[in-house]
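Since the structure comes first, as structure tokens, the remarks are kept for the end.
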Amino acid sequence: MTKIPHLVLATHNPGKVKEIGVLLGDVVEKFSSAGDLGLPEPEETGTTFAENAILKARAAAEASGLPTLADDSGLCVYTLDGAPGIYSARWAGPEKDFQMAMEKVNAALADAEDRRAAFVCVLALAHPDGAVETFEGRVEGALCWPPRGPQGFGFDPMFVPENEVRSFGEMTPEEKKALSHRVRAFRKLQDFCNNN
């Protein structure tokens, strides 16, 4: 497999930079984030995770002239018709207050017995010539209340993956990595890179 010499990670989110950076070792020689390069964040106008990931990846690839990886991910709650879904970050408001976002999700669920949810991640790999590939990963689970654990970020403290009793917020980064939707999407990306 030929590693990508320099990849741009289309995010300004330090949590994602940290989590994705660890996963990139097998795929790239080096990477920079869109934040590092001062690239603007495009407005996410897509209606699916894939559309938003492609939009972000293409914008950064055009601006940097380098291959770019973007991810769009979120929490999909079945009883809430898939919400917050692509709007997961927006539920946290401009201050990125995920404690408030978790409270909103719990309030929206009210007394619902069905607390099943899934974390979904779509990765888009865009090239400066406009070509793009996408890879999806998901992990099924259920929501707990109150949130548990200081690890992870976003909705992690209220999400308990299938066949587990602890939330993502209670798991070490290594334990979460073994189950993560983002890692599952990354495995598909790695398979693609290994075969191309």
Side-chain angles (χ1 to χ4, degrees), residues 1-76 82 84-96 98 118-139 152-156 173 176-196:
M1 167 187 163
T2 306
K3 288 190 175 185
I4 299 166
H6 189 180
L7 181 80
V8 174
L9 193 53
T11 184
H12 290 71
N13 178 330
K16 279 191 183 178
V17 171
K18 188 176 175 185
E19 188 168 307
I20 294 175
V22 172
L23 302 172
L24 285 174
D26 296 334
V27 180
V28 303
E29 298 286 346
K30 75 170 190 171
F31 76 93
S32 305
S33 74
D36 294 337
L37 300 176
L39 303 179
E41 287 186 89
E43 192 175 344
E44 295 179 29
T45 54
T47 58
T48 65
F49 291 116
E51 285 176 10
N52 281 331
I54 290 168
L55 192 148
K56 290 185 280 191
R58 280 203 168 131
E62 286 169 14
S64 67
L66 293 166
T68 299
L69 186 69
D71 109 306
D72 199 54
S73 54
L75 178 70
C76 300
I86 62 168
Y87 304 110
S88 291
R90 292 185 204 173
W91 278 41
E95 303 301 316
K96 306 277 192 250
F98 276 95
F119 265 130
V120 178
C121 171
V122 174
L123 297 173
L125 178 63
H127 307 273
D129 65 4
V132 66
E133 293 88 27
T134 60
F135 312 91
E136 180 178 313
R138 67 189 295 134
V139 58
F153 61 95
F155 293 99
D156 284 355
K176 179 185 170 187
K177 186 177 168 184
L179 302 167
S180 159
H181 51 303
R182 195 164 282 119
V183 171
R184 289 175 182 183
F186 256 94
R187 285 193 191 120
K188 293 178 182 177
L189 168 66
Q190 285 173 324
D191 288 345
F192 172 82
C193 289
N194 284 334
N195 295 309
N196 288 279

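One is the number of the first residue; the rest follow in order along the sequence.
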Between [Y] and [X], is there a side-chain heavy-atom distance shorter than 4.5 Å?
X	Y	value
I4	L69	no
D191	F135	no
R138	V120	yes
V183	V139	no
I20	T11	no

For [X] versus [Y], what's the shortest heavy-atom pair and its separation?
X	Y	answer
L39	S64	CD1-CB, 4.3 Å
V8	A34	CG1-N, 4.2 Å
H6	P67	O-CD, 3.6 Å
K176	F153	NZ-CE2, 4.3 Å
V28	F31	CG2-CB, 4.4 Å
I86	G46	CD1-O, 3.4 Å

Exercise. State which residues pass side-chain hydrogen bond (donor to acceptor under 3.5 Å, both in side chains) with R182; sequence neighbours excluded, sorted by chain then number.
Key: E19, D71, S73
Quiz prompt | L23 and K177: CA distance, side-chain angles, deciding distance, side chain to side chain contact (heavy atoms under 4.5 Å, CB included) verdict | solution = CA-CA 9 Å; L23 302 172; K177 186 177 168 184; 3.6 Å; yes
Exercise. Would you please name every residue forming a ring pair (Phe, Tyr, Trp, His ring centres under 6.0 Å) with F49, sequence neighbours left out?
Key: none
Applying salt bridge (Lys or Arg N to Asp or Glu O under 4.0 Å), can you list everything that pairs with [X], at least two apart in sequence or on another chain?
X	result
E62	none
E44	K56
R90	none

Quiz prompt | Partners passing side-chain contact (heavy atoms from CB on, under 4.5 Å) against L55 (at least two apart in sequence or in another chain) | solution = P42, T45
Exercise. Please state whether the rings of F98 and F155 are parallel, tilted or perpendicular, taking 30° and 60° as the class boundaries.
Key: perpendicular
